[in-house]
*Asks:* 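Let me begin by handing over the structure; questions about it come next.
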Amino acid sequence: EYEETIQHCEEYLQIDQSNIIVKRLLSRSQNFLGNHEIAAKILNEIIKKDVKDIESRTTLIRNYYNLGNFERVHTLCDQILTRKKTNRIALLFHARAYNASKDYEKALEAWENVLKIYKNDSEALGGLGRVYYNLGNIELAKEFLEKAIKIQPKNTTIINNLGTAYKELNNTEKAIIFYQKVLDIDP
């Protein structure tokens with residue numbers, strides 16, 4: 001399906017090379033196929049022509065995150081946040097990138113910044129749980145993961161992480177319950 005979309009986009013762009021919507025669709029299709037560098041190149045071309053294009057920047061953030069280029073992720077997030085301080089995607093990817101690069105102190109601050117604006121954001125709560133787990137504060141990790149699971153009770157990542165926290169706290173019975181919930185939701 002994505003290959004066909006790419007073909008149609010390329011055909012359309014031969015007729016109208018300036019259509020940003022078609023270029024974004026082409027980039028997203030390439031991204032879904034795992035062609036993150038091709039997708040990033042397309043989006044960078046759009047941004048060069050329209051420096052105020054936040055939508056292309058937020059899509060580009062995902063591409064660079066998938067490529068593991070966290071420095072570029074932070075640069076793009078900062079560019080977006082200077083224009084719109086409450087952009088949820090930029091706030092989340094700042095935190096995700098710090099977490100992925102194991103800069104847990106900055107990740108803590110970034111997840112807390114998300115929660116200042118989006119008070120009950122399950123991803124931020126779960127992110128704080130992961131960071132506290134990685135820092136060795138399993139009890140606090142468990143508390144944040146439990147808050148996150150109340151908001152998104154079928155999120156298998158959060159449920160699995162909560163099971164792992166209980167396992168670390170030597171509560172095998174509770175860990176098994178949460179691991180079983182993951183299997184019940186996603187066999």
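Nothing here was measured: the structure is a model prediction, and the numbers come from that model. For the numbers below, each heavy atom of this structure counts, side chains included, while hydrogens, waters and symmetry mates do not.
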*Asks:* Side-chain contact, heavy-atom cut-off 4.5 Å: Ile6 with Glu10?
*Replies:*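 Ile6 reaches Glu10 side chain to side chain.
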
*Asks:* Is there a donor-acceptor contact under 3.5 Å linking the side chains of Gln7 and Glu11?
*Replies:* yes

*Asks:* How many angstroms lie between atom OG of Ser29 and atom CD of Glu3, to the nearest 0.5 angstrom?
*Replies:*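 Answer rounded to 0.5 Å: 9.5 Å.
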
*Asks:* Please verify the inter-ring angle class for Tyr65 with Phe93; under 30° counts as parallel, over 60° as perpendicular, anything in between as tilted.
*Replies:*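 The rings of Tyr65 and Phe93 stand perpendicular, inter-plane angle above 60°.
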
*Asks:* Give the C-alpha distance, both sets of side-chain angles, the deciding distance and a yes or no for side chain to side chain contact (heavy atoms under 4.5 Å, CB included) between Lys23 and Lys49.
*Replies:* CA-CA 12 Å; Lys23 287 181 179 181; Lys49 292 178 182 170; 3.8 Å; yes

*Asks:* How about Phe178 and Ile149: do any of their side-chain heavy atoms sit closer than 4.5 Å?
*Replies:*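 Yes, at least one pair of side-chain atoms sits under 4.5 Å.
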
*Asks:* Got a donor-acceptor contact below 3.5 angstrom from the Asn35 side chain to the Ile38 backbone?
*Replies:*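 Not a single qualifying donor-acceptor pair exists.
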
*Asks:* Between the side chain of Asp186 and the main-chain N/O of Val182, is any donor-acceptor distance below 3.5 Å?
*Replies:*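 No, Asp186 side chain to Val182 backbone: no donor-acceptor pair under 3.5 Å.
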
*Asks:* Would you compute the distance between atom CD of Glu1 and atom CG of Leu33 and round it to the nearest 0.5 angstrom?
*Replies:* 10.0 Å

*Asks:* Could you tell me whether the side chain of Lys119 and the main chain of Lys116 form a donor-acceptor pair under 3.5 Å?
*Replies:* yes

*Asks:* Might you work through the side chain to side chain contact (heavy atoms under 4.5 Å, CB included) test for Leu128 and Leu115, ending with a clear yes or no?
*Replies:* CA-CA 10 Å; Leu128 278 169; Leu115 289 175; 3.3 Å; yes

*Asks:* Taking Tyr179 for the side chain and Thr164 for the main chain, is one N or O donor matched with an acceptor at less than 3.5 Å?
*Replies:* yes

*Asks:* Rounded to the nearest 0.5 Å, how far does OG of Ser56 lie from CG of Asn63?
*Replies:*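 Output value for this atom pair is 10.5 Å.
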
*Asks:* Quick one, His94 with Tyr98, criterion ring-ring contact (aromatic ring centres under 6.0 Å, His included). Give me CA distance, side-chain angles, the key distance, then yes/no.
*Replies:* CA-CA 6 Å; His94 246 321; Tyr98 285 129; 5.7 Å; yes

*Asks:* Would a 4.5 Å heavy-atom cut-off, applied to side chains only, mark Ile61 and Ile80 as touching?
*Replies:* yes

*Asks:* Checking side chain to side chain contact (heavy atoms under 4.5 Å, CB included) for the pair Glu105/Leu135: CA distance, chi angles, key distance, verdict?
*Replies:* CA-CA 9 Å; Glu105 294 303 322; Leu135 290 171; 4.0 Å; yes

*Asks:* So, do Arg28 and Thr5 sit near enough that their side-chain heavy atoms are less than 4.5 Å apart?
*Replies:*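 Arg28 vs Thr5: side chains apart.
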
*Asks:* Could you grab the distance from atom NE2 of His74 to atom CG of Asn69, nearest 0.5 Å is fine?
*Replies:* 10.0 Å

*Asks:* Mind listing the closest non-hydrogen atom pair of Cys77 and Ala90 along with its distance?
*Replies:* SG-O, 3.3 Å

*Asks:* Would Arg130 pass as a cation-pi partner of Tyr133, given that its NZ or CZ must be under 6.0 Å from the six-membered ring centre and within 45 degrees of the axis?
*Replies:* no

*Asks:* Contact between Leu125 and Leu145 at the side-chain level, heavy atoms closer than 4.5 Å - yes or no?
*Replies:* no

*Asks:* Within the structure provided, determine whether Leu92 and Trp111 are in side-chain contact (heavy-atom separation under 4.5 Å).
*Replies:* yes

*Asks:* Given 3.5 Å as the limit, does a donor-acceptor pair link the side chain of Tyr64 with the main chain of Ala40, or not?
*Replies:*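 No; judged by distance alone, with no hydrogens or angles, the pair does not exist.
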
*Asks:* Less than 4.0 Å between a side-chain N and a carboxylate O, is that true for Arg72 and Glu37?
*Replies:* no

*Asks:* Would you indicate whether the side-chain heavy atoms of Lys174 and Leu169 approach each other to under 4.5 Å?
*Replies:*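 Counting from C-beta outward, Leu169 and Lys174 never come under 4.5 Å.
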
*Asks:* Between the side chains of Glu168 and Lys142, is the shortest nitrogen-to-carboxylate-oxygen separation below 4.0 Å, so that they form an ion pair?
*Replies:* no

*Asks:* Take Asp53 and Arg24 through the side chain to side chain contact (heavy atoms under 4.5 Å, CB included) test and state the conclusion after the steps.
*Replies:* CA-CA 11 Å; Asp53 185 347; Arg24 280 192 201 124; 2.9 Å; yes

*Asks:* If you define the side chain from C-beta out and look only at heavy atoms, does anything of Thr86 sit under 4.5 Å from Tyr118?
*Replies:*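 Yes. Closest side-chain heavy atoms under 4.5 Å.
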
*Asks:* How far does CZ of Phe70 sit from CG of Asn99, to the nearest 0.5 angstrom?
*Replies:*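 Result: 9.5 Å between the selected atoms.
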
*Asks:* How far does CD1 of Ile158 sit from OG of Ser122, to the nearest 0.5 angstrom?
*Replies:* 5.0 Å

